Number of protein chains: 2
Amino acid sequence: MTRQPSSGDRPTVKDVAASSGVSATTVSRVLAGNYPVSTATRARVMKAVRELDYVINAQARALGGGGTKTVAFIVHDLVGPAFAYVGQGVEQQATAEGRLCLVCTTHGDPERELELIELMREQQAEAVVLVGGGSNSRSYVERITQIARALDKSGSRLVLCGRPPLSPEVPATVVEYDNEGGAYAITSYLISLGHRDIAFLGAGEPGHTTVDGRLRGFERAHEAHHLPMTPQRTRAITFDRESGYQATRDLLARGEKFTAIFAATDVVASGVLVALREAGLRVPDDVSVVGYDDIPLARDLTPELTTVHVDHEELGRTAVRYALNRDRHAMSQHTVIGTHVVIRNSTGPAPKPARTRPGK
Amino acid sequence: MTRQPSSGDRPTVKDVAASSGVSATTVSRVLAGNYPVSTATRARVMKAVRELDYVINAQARALGGGGTKTVAFIVHDLVGPAFAYVGQGVEQQATAEGRLCLVCTTHGDPERELELIELMREQQAEAVVLVGGGSNSRSYVERITQIARALDKSGSRLVLCGRPPLSPEVPATVVEYDNEGGAYAITSYLISLGHRDIAFLGAGEPGHTTVDGRLRGFERAHEAHHLPMTPQRTRAITFDRESGYQATRDLLARGEKFTAIFAATDVVASGVLVALREAGLRVPDDVSVVGYDDIPLARDLTPELTTVHVDHEELGRTAVRYALNRDRHAMSQHTVIGTHVVIRNSTGPAPKPARTRPGK
DNA sequence: TTGTAAGCGTTATCAC
DNA sequence: GTGATAACGCTTACAA
C-alpha cells in the first residue's frame with residue numbers, strides 16, 4: 001500500500017522504495033548513480049520519484065554519507081561594494097565546485113564574529129571565509145590562530161581574504177591582494193605628476209591591516225623619492241563618504257598645504273570630491289584626488305576617479321578555490337593577487353605654486 | 001577511558017557523556033537547556049564540553065530534533081546595489097529570528113533558478129526568497145505556481161520579493177513595493193515642473209514585472225494630466241549604465257524632442273548623465289533626469305539624482321519576517337511597501353522652448 | 001543486480 | 001534527575 005504524502009511531511013526513500021517495489025538501498029543507488037542498477041529498476045524508481053515528487057533530505061544525507069558541501073562566507077556587511085564583489089566571487093566558485101554558500105554578517109562586532117565561527121563549526125562548513133582587513137593586535141592574532149585550529153580540528157578550513165598571513169604553523173588559507181604595492185604605485189604616480197604635498201585620508205585604527213598597508217605604501221613612495229611627509233596631512237577617518245567629506249573640510253579649514261589627496265577608499269574619495277567642489281576647488285586643476293578599490297562608483301564620480309584596481313571577485317574565487325583544493329598535508333597557504341593603477345580624470349599635473357586654503 | 005579526538009574527527013555527545021560520566025541524553029539536555037538538570041551534573045558536562053572542544057553537529061540535530069532553521073536567498077547577482085540591500089535585509093531578519101542564511105545566484109538563468117529551488121527543497125529551507133522582478137508570461141506564472149506548491153509540500157515557504165502577487169490559491173508570501181505608484185509620483189513631479197516631453201528609458205522585455213510597473217506609472221501620470229505619449233521616446237534597454245548611455249545618444253542622434261528623461265533605474269541614469277554631458281547639455285538646465293531605486297550612487301552622481309526611494313533592506317526584512325511568522329492556515333500573503341520621491345539636483349523647470357538635438 | 005543490517009549524531013519517549 | 005532505547009532518513013558494508 002502506497003503512503004499518501006500530505007503537506008509538510010515529505011516522502012522518504014522508504015516511500016519511494018515501497019512505491020516502486022524495491023529496497024531503500026536500491027533507491028539510494030539509483031539516486032546517487034554511482035552503482036550499477038538495471039535499467040528497468042532505475043526506470044521504475046525514477047517514476048516513483050516523480051510521482052511522489054520526492055527530494056532527498058540533505059541533512060540525512062550529510063549524516064549518513066559524506067560531508068555537507070558547504071562554504072561559509074562571513075563578512076562585515078553585504079552592501080559595501082568591495083564586500084559584495086568578494087561575496088560574488090565566493091558564491092561563484094563555491095557553486096562551481098558544487099558547494100552551497102552560507103552567508104553571515106558581523107557588522108564589525110568581534111563577538112558576533114566568534115559566535116558565527118562556532119555556528120559554522122556546527123554546520124560543518126568545509127571552508128569558512130573571513131573577509132576584510134582585521135586588526136594586527138597581538139590578542140586578535142591569537143584569537144584568529146585559535147579559531148583556525150578549532151576549525152581545523154572540526155575538519156573545516158579557515159580562509160582569510162584580504163588580510164596578511166599568519167604564522168606558517170597556523171592551519172589557514174590566506175588570499176590577499178598587493179595592498180601596499182598598489183598604494184606605493186599610485187602615490188608614485190602622483191609624485192611623477194609633480195605633487196609634493198599629498199594628504200592621506202585613512203589613517204586611524206592603527207593596527208588595522210588594510211589601512212596600515214595603504215599608509216605604508218604611501219610612506220614608502222615618499223621615501224623612495226626622498227620626499228618628506230608631514231603628519232598634519234594624514235587624517236584618521238571612518239571610511240565612509242561622510243568622513244572623507246569632513247576630513248577634507250578640516251584640511252581646508254586648517255589651511256594645510258596640499259596639491260593632491262590620497263583617499264583610502266573610493267567611497268572616501270566621493271566625499272572628498274564633494275568637499276572640494278563646495279570649496280570652489282577644481283579637480284584635477286587645483287587638486288588631484290585618488291582613491292583605492294576601483295569599485296564601479298569610481299567611474300560614476302565627476303571627474304572619474306584615478307584609483308587602484310583590486311579584483312575583489314577574483315579574490316573571493318581564489319579564496320574558495322584554494323581552500324577546497326588544497327594539499328591536505330600543507331598547513332598554511334598564502335597567495336597574493338596583483339593590483340594596478342587605473343588612471344582616469346581626477347589626477348593631473350601639480351599646480352604651481354601649491355594651493356593652500358582659498359582666500360588665505 | 002576517554003576517547004582522544006584527532007584532527008577532522010569531531011567529538012560527539014557520546015564522547016562528552018563518557019568523559020563526564022553521564023548518559024548522552026543528559027548531555028543533550030544540558031546543551032539544549034530546556035530540561036531540569038542538577039547543577040553539579042551540568043557543571044561536569046560543560047567542563048567536558050570545553051575540554052573536548054565539543055560542538056554539536058547541526059545536521060544530526062536537524063535530523064533528530066526539529067527542523068533546520070535556514071532561510072534561502074536566491075537572487076540574480078550579489079553586486080547589483082538593489083539586490084545587495086535586499087540581501088542585507090534578508091540576512092539581518094533571518095539572523096534576528098535565529099536562522100542561517102543560504103545564498104545562491106542565478107545570473108538570470110531560469111534553469112539555474114529551478115535547480116536552486118530543488119536544492120533548497122533538499123536543504124529543507126524554511127523559506128525560499130526569490131528576489132527581483134520576474135516575467136508576467138503565462139508559462140512563467142505557471143512555473144512559479146508549481147514551485148510554490150512543491151515547496152509548500154516540502155514544508156517550506158516561497159517568498160516573492162519585489163514582484164506582484166500570484167493567485168490567492170497559491171501558497172506564497174509576496175512582498176512588493178509600490179513600484180507603479182513611485183513611477184506615477186515622479187512623473188507627476190516632472191510634469192508639475194512644466195515638462196511635457198519626457199523620454200522613458202526602460203521599456204523592453206514586455207512582461208517583465210518591474211519594468212512594466214514603472215512604465216505603467218509613467219503612462220498613468222500622462223493620462224491623469226491629459227498629456228499625450230509618443231512611443232518614439234520610450235526605449236528598450238538592458239538596465240545597465242552602458243545601455244542608458246547608448247539609449248540617450250540614440251535619442252539625441254535621432255533628434256527626438258524631450259526636456260526630461262525618466263531612467264528606469266539609477267544605474268541607467270548614470271549612463272544618461274554621461275551621454276548628456278558629452279553632448280554638451282546641462283542637467284537640469286537643458287534636460288531634467290530622474291532615476292529609480294535611490295541607491296547610494298544617486299547621491300554621488302553630478303548632479304545628485306532626483307529619484308524614487310525604495311527601502312530595499314526593509315523589503316528583505318519584511319519578506320523574511322512574514323514568511324517565518326505567518327498564519328499557518330493562510331494560503332497567500334501580500335504586502336506592499338511604500339515608495340516616495342526624493343528630490344535632488346537633477347531636475348528643474350522645463351526650459352522653453354523645449355530642447356531638441358543641439359545644432360539641429 | 002539486489003537486499004539486509006548496521007551505523008551516522010542527535011533528540012524524544014518512556015521508564016526508573 | 002537521569003538513563004535506556006527508539007526514531008530521524010540516508011549511505012555503505014556485507015551477503016545473496
Side-chain angles (χ1 to χ4, degrees), chain A residues 3 5 8-46 48-49 52-69 119 121-124 153-156, chain B residues 3 5 8-46 48-49 52-69 119 121-124 153-156:
Chain A
R3 246 185 88 212
D9 123 59
R10 305 157 52 118
T12 74
V13 269
K14 283 186 184 161
D15 297 311
V16 177
S19 165
S20 52
V22 299
S23 74
T25 307
T26 303
V27 174
S28 172
R29 293 205 259 250
V30 169
L31 262 32
N34 53 5
Y35 218 82
V37 175
S38 89
T39 324
T41 314
R42 150 167 291 111
R44 287 220 315 287
V45 169
M46 290 312 287
V49 165
L52 296 175
D53 195 18
Y54 168 81
V55 283
I56 210 170
N57 179 324
Q59 269 74 36
R61 195 231 296 275
L63 193 53
T68 61
K69 268 68 185 79
L119 263 180
R121 219 139 77 87
E122 297 180 0
Q123 296 294 327
Q124 322 234 76
K153 275 209 316 210
S154 306
S156 126
Chain B
R3 244 185 91 209
D9 121 58
R10 304 156 55 117
T12 74
V13 269
K14 282 187 185 161
D15 298 311
V16 177
S19 166
S20 53
V22 297
S23 74
T25 307
T26 303
V27 174
S28 173
R29 291 206 260 249
V30 169
L31 262 32
N34 52 4
Y35 220 81
V37 175
S38 88
T39 324
T41 313
R42 151 167 290 113
R44 287 221 313 287
V45 169
M46 290 312 286
V49 165
L52 297 174
D53 193 19
Y54 168 82
V55 283
I56 209 169
N57 180 325
Q59 269 74 36
R61 194 232 294 277
L63 192 54
T68 60
K69 269 68 184 79
L119 263 180
R121 219 139 76 88
E122 296 180 1
Q123 296 294 327
Q124 321 236 74
K153 273 208 319 208
S154 306
S156 125

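What you see is a predicted model; the values in this text were computed from it and never measured. Because only heavy atoms are used, hydrogens play no part in the values below, and waters and symmetry mates are left out as well, while side chains stay in. Letters A, B, ... mirror the listed sequences (proteins, then strands); counts begin at 1.
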Without decimals, in angstroms, what is the distance between A:N34 CG and D:dT12 P?
7 Å
Separation of C:dT11 atom P from B:K14 atom NZ, nearest Å, is 13 Å
Can a donor-acceptor pair under 3.5 Å be found between the side-chain atoms of A:T25 and the base atoms of D:dT12?
yes
Give a yes/no on whether any side-chain N or O of B:S28 is located under 4.0 angstrom from OP1 or OP2 of C:dT11.
yes
Reported CD-to-OG distance for the pair B:Q123 and B:S154, which is rounded to 0.5 angstrom
12.0 Å
Would you sort out whether A:R44 and A:V22 count as a side-chain contact (heavy atoms from CB on, under 4.5 Å), showing the intermediate values?
CA-CA 9 Å; A:R44 287 220 315 287; A:V22 299; 3.6 Å; yes
Contact under 4.0 Å: B:S38 side-chain N or O vs D:dT2 OP1/OP2:
yes
Just how far, in rounded Å, is P of C:dG9 from CD of A:Q124?
9 Å
Can you tell me whether the side chain of A:R29 and the base of C:dG3 have a donor-acceptor pair closer than 3.5 Å?
yes
Most 5' of A:L63 and B:T39 on DNA chain D, judged by nearest nucleotide
B:T39
Given DNA chain C, 5'-ward residue of the pair B:A24 and B:Y35, judged by closest heavy atom
B:A24
Polar side-chain atom of A:R61 near backbone of A:G67 as donor-acceptor pair, under 3.5 Å
no
A side-chain contact here means heavy atoms from C-beta on lying under 4.5 Å apart; do A:L31 and A:Y54 qualify?
yes
Could you tell me the separation between the CZ atom of B:R10 and the P atom of C:dG9, rounded to a whole number of Å?
9 Å
Output yes when at least one side-chain N/O atom of A:T12 is less than 4.0 Å from OP1 or OP2 of D:dC8, else no.
no
Using OP1 and OP2 only, check whether a side-chain N or O of B:Y54 sits under 4.0 Å from C:dT10.
yes
D:dG9 P sits how many Å from A:R61 CZ, rounded?
15 Å
